[in-house]
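Each remark here refers to the structure printed beneath this line.
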Amino acid sequence: MNKKEIKFSQNFITSKRHINKIMSNLELNRNDNVFEIGSGKGHFTLELVQKCNYVTAIEIDSNLCIQTQNKVTNYDNFRIINKDILQFKFPNNRTL
């Protein structure tokens with residue numbers, strides 16, 4: 001399978017019920033800084049910015065970066081990085 005086929009084989013969780021179920025199982029709070037790998041269309045990103053201190057979303061697809069950006073435009077506690085997660089350098093310290 002080549003890279004192009006992998007890119008187009010993505011599946012997105014968009015059901016609010018499923019997203020809420022997943023989010024309810026996470027023990028996140030206003031002190032947490034989160035790295036979201038693959039923000040997709042921003043459905044989880046929107047939930048994360050409402051619950052966490054800061055969200056860094058890393059997404060390889062530039063079109064999906066725009067969709068995520070548009071979904072969380074009313075929040076200032078996030079950044080989206082258009083990059084392959086395999087090329088992303090995570091910070092060494094535990095605070096942002």
Side-chain angles (χ1 to χ4, degrees):
M1 182 178 275
N2 66 38
K3 283 188 175 189
K4 191 170 188 176
E5 290 172 351
I6 291 171
K7 182 177 179 180
F8 292 115
S9 69
Q10 297 181 57
N11 294 292
F12 303 103
I13 299 173
T14 58
S15 162
K16 187 72 170 164
R17 184 173 64 90
H18 289 107
I19 291 169
N20 288 339
K21 188 171 184 175
I22 292 167
M23 290 298 295
S24 70
N25 285 295
L26 301 175
E27 295 180 13
L28 298 172
N29 62 55
R30 293 303 295 167
N31 296 318
D32 290 321
N33 298 316
V34 174
F35 287 93
E36 179 185 25
I37 300 171
S39 63
K41 297 178 181 180
H43 296 288
F44 278 101
T45 314
L46 179 60
E47 299 299 321
L48 291 168
V49 296
Q50 294 175 51
K51 196 166 189 166
C52 300
N53 178 54
Y54 199 83
V55 177
T56 302
I58 301 108
E59 173 58 56
I60 193 170
D61 186 317
S62 58
N63 291 325
L64 293 175
C65 285
I66 293 167
Q67 287 186 45
T68 298
Q69 181 78 37
N70 290 338
K71 193 164 295 260
V72 295
T73 192
N74 293 329
Y75 298 89
D76 61 0
N77 62 330
F78 80 97
R79 69 179 171 157
I80 183 150
I81 300 170
N82 183 202
K83 192 167 203 155
D84 184 335
I85 191 62
L86 298 176
Q87 305 301 315
F88 182 74
K89 302 289 186 217
F90 286 90
N92 291 330
N93 60 359
R94 293 183 160 260
T95 60
L96 294 177

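We count residues from 1, following the sequence as given. This structure is a prediction, so every number in the text was calculated from the model and none was measured. Reckoned from all heavy atoms, side chains included, excluding hydrogens, waters and symmetry mates.
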(request) Would you indicate whether the side-chain heavy atoms of Phe12 and Leu64 approach each other to under 4.5 Å? (result) yes
(request) List in chain and number order the residues that pass side chain to side chain contact (heavy atoms under 4.5 Å, CB included) with Gln87, two or more places apart in sequence or in another chain; answer none if no residue qualifies. (result) Lys83, Asp84
(request) Could you pull out all residues at least two apart from Ile66 that satisfy side chain to side chain contact (heavy atoms under 4.5 Å, CB included)? (result) Asn70
(request) Can you tell me which residue pairs pass the salt bridge (Lys or Arg N to Asp or Glu O under 4.0 Å) test with a partner in residues 65-76, sequence neighbours excluded? (result) none
(request) Output every pair passing salt bridge (Lys or Arg N to Asp or Glu O under 4.0 Å) with a member in residues 46-60, not counting sequence neighbours, ordered by first then second residue. (result) Lys16-Glu47
(request) Indicate the atoms forming the closest heavy-atom contact of Val55 with Thr45, along with that distance. (result) CG1-CG2, 4.4 Å
(message) For the OG1 atom of Thr56 and the CZ atom of Phe90, what is their distance to the nearest 0.5 Å?
(response) 9.0 Å
(message) For the CD1 atom of Ile19 and the OG atom of Ser24, what is their distance to the nearest 0.5 Å?
(response) 12.0 Å
(request) Taking the side chain as every heavy atom from C-beta outward, state whether Ile80 and Ser39 have any pair of such atoms under 4.5 Å apart. (result) yes
(request) Could you tell me whether a side-chain N or O of Asp61 sits under 3.5 Å from a main-chain N or O of Gly40, the two making a donor and an acceptor? (result) no
(request) Mind checking salt bridge (charged side-chain N to carboxylate O under 4.0 Å, His left out) for Lys89 and listing every partner two or more places apart, or none if nothing turns up? (result) none
(request) Write down the atom of Gly42, the atom of Thr68, and the distance for their closest heavy-atom approach. (result) N-OG1, 3.4 Å
(request) Name all residues meeting the side chain to side chain contact (heavy atoms under 4.5 Å, CB included) criterion together with Ser15; count only those two or more places apart in sequence or in a different chain, and write none if there are none. (result) Arg17, His18
(message) Using side-chain heavy atoms (C-beta onward) and a distance below 4.5 Å, is Glu36 in contact with Phe78?
(response) no
(message) Could you measure the distance from the OH atom of Tyr75 to the OH atom of Tyr54? Nearest 0.5 Å is fine.
(response) 15.5 Å
(request) Can you tell me which residue pairs pass the salt bridge (Lys or Arg N to Asp or Glu O under 4.0 Å) test with a partner in residues 18-33, sequence neighbours excluded? (result) none
(message) As an exercise, state the distance from NZ of Lys41 to CG of Leu46, rounded to the nearest 0.5 Å.
(response) 15.0 Å
(message) Side chains of Leu48 and Met23, heavy atoms from C-beta outward: is any pair under 4.5 Å?
(response) yes
(request) Give a yes or no on whether the backbone of Asn33 and the side-chain of Asn53 come within a donor-acceptor separation of less than 3.5 Å. (result) no
(request) Please name all residues satisfying side chain to side chain contact (heavy atoms under 4.5 Å, CB included) with Ile22, sequence neighbours left out, ordered by chain then number. (result) Ile13, Phe44
(message) The criterion is side chain to side chain donor-acceptor pair (under 3.5 Å); which residues satisfy it with Gln69, sequence neighbours excluded?
(response) none
